Amino acid sequence: TEMEMWRMYLVDKDAPTEVKQYLRGYYLSYSGPGGLTESDDTENWSYATEASIGFIARQQPYNYQMGLGHSRPLPGIDGATECGTFTEANARIYYNRWLQFMQADNWSDIGIQKHITA
């Protein structure tokens, strides 16, 4: 009966400090209970929680297949795909990458090169 929501925003690490500070404030004020989006989703989440604790619901795994098999390459962004308006592709991609991180023995196993600057 509890949930935790994470937001990930990408900002160029070489962006000026003022830009990073502005974006941080913007992102914090944009989403979540006190922000401009999702303030009306509280009721939906409470219904989802209530529906998930029933006997039948607990016997079934969640289904994350919405949009599966409909993605196509996104031109100009290597490795990116898009598949229309409604999909769970982002969640599948995110958790697949997370799994790669969890199973890797070192950074090079997942295509990341460690850069050390002096």
Side-chain angles (χ1 to χ4, degrees):
T1 59
E2 295 180 20
M3 65 179 271
E4 178 176 303
M5 297 189 70
W6 289 37
R7 297 289 185 280
M8 308 243 177
Y9 300 102
L10 302 177
V11 178
D12 190 325
K13 72 177 183 176
D14 295 328
T17 301
E18 309 84 56
V19 171
K20 291 177 184 178
Q21 289 175 345
Y22 173 82
L23 289 173
R24 180 179 182 275
Y26 174 78
Y27 293 142
L28 287 172
S29 67
Y30 184 74
S31 67
L36 301 173
T37 62
E38 294 187 16
S39 58
D40 63 340
D41 287 345
T42 304
E43 186 177 17
N44 298 338
W45 283 112
S46 66
Y47 290 144
T49 300
E50 187 176 324
S52 295
I53 60 176
F55 177 78
I56 300 297
R58 287 183 289 133
Q59 308 305 310
Q60 303 297 320
Y62 281 105
N63 184 330
Y64 294 100
Q65 295 178 333
M66 186 166 52
L68 190 62
H70 297 280
S71 62
R72 50 199 171 272
L74 189 62
I77 304 176
D78 195 27
T81 63
E82 68 92 15
C83 50
T85 306
F86 301 104
T87 181
E88 291 170 335
N90 285 338
R92 289 191 299 268
I93 292 166
Y94 177 85
Y95 287 114
N96 183 56
R97 187 63 171 158
W98 175 82
L99 181 61
Q100 292 172 1
F101 274 79
M102 296 298 104
Q103 293 178 336
D105 289 327
N106 58 61
W107 291 118
S108 62
D109 288 350
I110 54 175
I112 295 177
Q113 302 211 1
K114 188 174 179 181
H115 297 283
I116 299 174
T117 57

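Sequential numbering from 1 along the given sequence is applied to the chain's residues. Quick caveat, the model's predicted, so the values are computed rather than measured.
- In this structure, the separation between CG on Asn63 and CG on Leu68 is 9.0 Å, given to the nearest 0.5 Å.
- A donor-acceptor pair under 3.5 Å is formed between the side chain of Lys20 and the backbone N or O of Lys13.
- When all heavy atoms are compared, the tightest approach of Val11 to Tyr27 is CG2-CE1, 4.1 Å.
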Please list, one pair per line, the donor and acceptor atoms closer than 3.5 Å that link side chains of residues 92-104 to other protein atoms, with sequence neighbours excluded.
residue : atom : partner : partner atom : Å
Arg92   : NH1  : Tyr64   : O            : 2.6
Arg92   : NH1  : Met66   : O            : 3.2
Arg97   : NH1  : Gln100  : OE1          : 2.7
Arg97   : NH1  : Ile110  : O            : 3.2
Arg97   : NH2  : Ile110  : O            : 3.1

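- When every heavy atom of Ala51 is checked against every heavy atom of Ala57, the shortest pair comes out as O-CB, 3.2 Å.
- Listed by first then second residue, pairs satisfying salt bridge (charged side-chain N to carboxylate O under 4.0 Å, His left out) with a partner in residues 60-71 number zero, not counting sequence neighbours.
- Without hydrogens or angle criteria, Gln59 side chain to Phe55 main chain gives a donor-acceptor distance under 3.5 Å.
- Nearest heavy-atom pair across Asp109 and Asp105 is OD2-N, 3.2 Å.
- The salt bridge (charged side-chain N to carboxylate O under 4.0 Å, His left out) contacts involving residues 65-74 comprise Arg72-Glu82, where partners must be two or more places apart or lie in separate chains.
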